[in-house]
Amino acid sequence: MNMSVKPQVNITPNGMDYEVIRKVIELISKEYQSQPSLEAISHEVGLEQTKLQKLFTRWAGLSPKAFLQAVTIDHAKRLLAEENLPLLEASYEVGLSGPSRLHDLFVTHEAMSPGDFKSGGEALEIKYGFHQCPFGIALIMATDRGMAGLAFCDPGEEVSAFEDMSNRWKRARYVQDPNATQSYADQIFNPEKWQSDKPIQLVLIGTDFQVEVWQALLDIPIGTATTYSTIADKIGRPKASRAVGAAVGANPISFVVPCHRALGKSGALTGYHWGITRKRAMLGWECGMLENGA
DNA sequence: CGCCATTAGTGGG
DNA sequence: CCCACTAATGGCG
């Protein structure tokens, strides 16, 4: 499909910070069972404890210690327990200033079925770029109608991440153009830039069923989670939880379409295309977004 | 009782 | 045929 891929990762001014944050988030998410101390972590990344403490808190919204808490099984179960509380929705519907849904990423979307996509005749042009972010390297793919894909990988895995993504839309023409995708990266991973008046435009390319599932994912507020079976209920196919799992797994715009907020009924994280560790990290990170909210 | 491992039923791709 | 599910079941502390 793609002959010569020459991945170029942008180096942002904060590149070094990103790298440290990424390492710490990954370390805690991976080793949370052994409760690593701040001392151990700072030794691992070669940064003085107090500096690390400050840097991490600035980026993740909560201290390393709190992050460690947020990443446990108990926390995941608590997210599910909260899903039944009717708290938020009612007030949104009527436009009241209810409990804040500050710090959520706003998106608008349109759907495109694989059929539409094909019948367009000429191949769709997809621009892509690699960008550093707290969860590793983000591969962003966009058409002129909006963002179509977001994948993650670790340094050195850029090519296989690109292949994974580009295999989903084989007929598209791919052009590496980090400048075109940079603004998405800036907005997505910087919560202070999440504003309802500047939503991110998404193009959902999938079957009807998949698009329905992805839309349901978009309804899950940040800092909360739901189960595959709850989503199945919601889209009117109560026995299709397994199929829902497959559709969630096929979500091409990870993180922005928050597939990491879908858990097994037991609270187990069950799976993530880009690694369970990353899923756990995202849930922990989102917990931090709520801290400085309201 | 709680915590696995196994199994059968399941709907969509 | 494959699967990022789940409820039911049985074994084992």
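Per chain, numbering begins at 1; letters A, B, ... match sequence-line order. The figures here come from the full heavy-atom set of this structure, side chains too, leaving out hydrogens, waters and symmetry mates. In this text, all values refer to a predicted model and were calculated from it rather than measured experimentally.
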Starting at atom [atom1] of [X], determine the distance to atom [atom2] of [N], rounded to an integer number of angstrom.
X         : N       : atom1 : atom2 : value
Ile231(A) : dC5(C)  : CD1   : C1'   : 11 Å
Trp214(A) : dG12(B) : CH2   : P     : 15 Å
His273(A) : dC2(C)  : NE2   : C1'   : 15 Å
Ile235(A) : dG11(B) : CD1   : C1'   : 10 Å
Asp233(A) : dT10(B) : CG    : P     : 16 Å
Ile73(A)  : dG2(B)  : CD1   : C1'   : 16 Å
Arg242(A) : dA8(C)  : CZ    : P     : 17 Å
Asn251(A) : dG12(B) : CG    : P     : 19 Å

Base, sugar-phosphate, or nothing: which does [X] touch, judged by heavy atoms less than 4.0 Å apart?
X         : result
Phe209(A) : sugar-phosphate
Gly245(A) : sugar-phosphate
Ser266(A) : nothing

### Task
Taking only Lys NZ, Arg NE, NH1 and NH2, and the carboxylate oxygens of Asp or Glu, determine whether Glu19(A) and Arg22(A) approach each other closer than 4.0 Å.
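Salt bridge present between Glu19(A) and Arg22(A).
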### Task
Give none if dT10(B) has no partner; otherwise give the nucleotide forming a Watson-Crick or G-U wobble pair with it, both distances under 3.5 Å.
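Partner of dT10(B): none found under 3.5 Å.
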#### Entry: Nucleotide paired to dA4(C) in any strand shown, Watson-Crick or G-U, under 3.5 Å
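Partner of dA4(C): none found under 3.5 Å.
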Give me the distances for all protein-to-nucleotides 11-13 of chain C N/O pairs that come in under 3.5 Å?
none

### Query
Under 4.0 Å between a side-chain N or O of Ser229(A) and OP1 or OP2 of dC5(C)?
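Checking dC5(C) against Ser229(A), no side-chain N or O comes under 4.0 Å of OP1 or OP2.
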### Query
Between Lys265(A) and Ala246(A), who's closer to the 5' end of DNA chain C by nearest nucleotide?
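Mapping each residue to its closest nucleotide by heavy atoms, the 5'-most match is Ala246(A).
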The side chain of [X] lies closest to which of these nucleotides: [options]?
X         : options                  : value
Val248(A) : dA4(C), dG12(B), dG13(B) : dA4(C)
Thr227(A) : dG13(B), dG11(B), dT6(C) : dT6(C)
Tyr272(A) : dG13(B), dA4(C), dT6(C)  : dA4(C)
Arg237(A) : dG12(B), dA4(C), dG13(B) : dG12(B)

### Message
Ring centres under 6.0 Å, that's the criterion: do Phe130(A) and Phe162(A) meet it?
### Response
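Not close enough - the centres of the two rings lie 6.0 Å or further apart.
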### Gap between atom CG of Asp177(A) and atom CD1 of Ile140(A) - 0.5 Å precision
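These two atoms lie 12.0 Å from each other.
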### Message
Using the ring-ring contact (aromatic ring centres under 6.0 Å, His included) definition, which of the options Phe67(A), Trp59(A), Phe135(A), Phe56(A) pairs with Trp285(A)?
### Response
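The single option meeting the ring-ring contact (aromatic ring centres under 6.0 Å, His included) with Trp285(A) is Phe135(A).
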### Task
Might you work through the side-chain contact (heavy atoms from CB on, under 4.5 Å) test for Val257(A) and Leu218(A), ending with a clear yes or no?
CA-CA 6 Å; Val257(A) 175; Leu218(A) 286 170; 4.2 Å; yes
### Task
Would you check if there is a donor-acceptor pair between the side chains of Thr270(A) and Tyr228(A) at a distance under 3.5 Å?
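Note: Tyr228(A) and Thr270(A) side chains meet the donor-acceptor criterion.
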### Shortest non-hydrogen contact between Thr57(A) and Pro64(A), atoms and distance
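Heavy atoms only, the tightest pair is OG1-CD, 4.3 Å.
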#### Entry: Heavy-atom pair with the smallest gap, counting every atom of Cys259(A) and Val248(A)
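The pair with the smallest heavy-atom distance is CB-CG1, 3.6 Å.
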